[in-house]
Amino acid sequence: LKQVHLFAGLSDDDIQELASVVKRRAFRSGEVIFHRDDPGQVLYVIKEGKVKICLISPDGQEISLVVLGKGECFGELSLLDGLGRSADVIALERVECYTLQRSDFHSSIMRNPKIAIQVLEVLSKRLRNTDQQVEDLIFLDVYGRVAKKLLELAGTHGVQQPGGGTLIDMRLTQSELASMVGASRESVNKVLGYFTDKGFISTDKHRVTVHKLNDLKRRIY
Ligand code: CMP
């Protein structure tokens, strides 16, 4: 629990107290952890694995808002505003979480202002990212949006490869990427083909490796 951003700065006693109320839950790859509009009573903190936060339109189109990994939390919005879940959350691989009930979350915040500050920090970061996404949707073309998303994923989920390049450590299909950048699969296919031809990236079994970060950066305008 000490390694979780949300609980950074808590004393050993506080961590002990928290440990006595958190539970553990595991989810299979592909399992829906909850749906948008479900009532929310629990905060999740990722111990292991990755989840996708997404919105699905009535005709089944998916917008992927963000992929969260180890140490990050989700489900805080419903606990704070009392409304239903704001998005679907799906496990992208086997996921283990710590869960905290609403009443324990609230009493932890009341007892530890540090937790409240960390929650505000998480919300601020998410709001900034959302602003950025809106800006990108309006001002960048699909080449720019794909380049930017690949760089972002290489930064957050990247693993340096011994032979050079940064492997994005998650299954990334063209449809998946399309739902992240708000574009059709066909146009993402075209962009990935172009980046591959230029040697900026390579793809293998739905995994993308970025070879030329600077060239990709230059493609963002
Ligand atoms: P909640 O609304 O309870 O359930 C869905 C969760 O997804 C939400 O809490 C947040 O934890 C998370 N979430 C929703 N929108 C975003 C976003 N734009 N960026 C990061 N996380 C989000």
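Note that these values count all heavy atoms, side chains included, but never hydrogens, waters or copies made by symmetry. Counting starts at 1 for both ligands and their atoms, following the listed order.
Every atom of ligand 1 with a heavy atom of F74 under 4.0 Å away is listed here by number and element: 11 (O). Every atom of ligand 1 with a heavy atom of E76 under 4.0 Å away is listed here by number and element: 9 (O), 10 (C), 11 (O). Every atom of ligand 1 is numbered from 1 in the order shown, and the set under 4.0 Å from a heavy atom of S78 is 1 (P), 2 (O), 3 (O). Within ligand 1, the atoms closer than 4.0 Å to a non-hydrogen atom of T130 are 18 (N), numbered from 1 in the order shown.
Of the protein's non-hydrogen atoms, the one nearest atom 3 (O) of ligand 1 is R85 NH1, 2.8 Å. At the top of the distance list for atom 6 (C) of ligand 1, counting protein heavy atoms only, stands G75 N, 3.8 Å. From the protein, the heavy atom lying nearest to atom 22 (C) of ligand 1 is I53 CG2, 4.0 Å. Residue, atom and distance of the protein heavy atom nearest to atom 21 (N) of ligand 1 are R126 CD, 3.5 Å. Protein heavy atom nearest atom 8 (C) of ligand 1, with residue, atom name and distance: S86 OG, 3.6 Å.
Residue contacts with ligand 1: G40 is excluded, as none of its non-hydrogen atoms falls under 4.0 Å. A heavy-atom separation below 4.0 Å is found between V66 and ligand 1.
For R102 (side chain) and V42 (main-chain N/O), no donor-acceptor pair under 3.5 Å exists by modelled atom type. Judged by distance alone, the side chain of E48 and the main-chain N or O of C97 form no donor-acceptor pair under 3.5 Å. The closest donor-acceptor contact from the side chain of N112 to the backbone of K114 lies at 3.5 Å or more, if one exists at all.
With values rounded to the nearest 0.5 angstrom, L10 atom CG is found 12.0 Å from Q16 atom CD. Note: L216 CG to K148 NZ = 13.0 Å, rounded to the nearest 0.5 Å.
A donor-acceptor contact under 3.5 angstrom links the side chains of D59 and S57, judged on distance only. With hydrogens and angles left out, the side-chain atoms of H206 and Q174 include no donor and acceptor closer than 3.5 Å.
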Item to complete: Show your reasoning for whether ring-ring contact (aromatic ring centres under 6.0 Å, His included) applies to Y143 and Y194.
Response: CA-CA 9 Å; Y143 287 82; Y194 173 81; 5.4 Å; yes
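Between F34 and ligand 1, no pair of N/O atoms sits closer than 3.5 Å.
Considering only non-hydrogen atoms, atom 17 (C) of ligand 1 lies nearest to L65 out of D88, L77, L43, L65.
A salt bridge is absent between R171 and E93: the closest approach of a Lys/Arg side-chain nitrogen to an acidic carboxylate oxygen does not fall below 4.0 angstrom.
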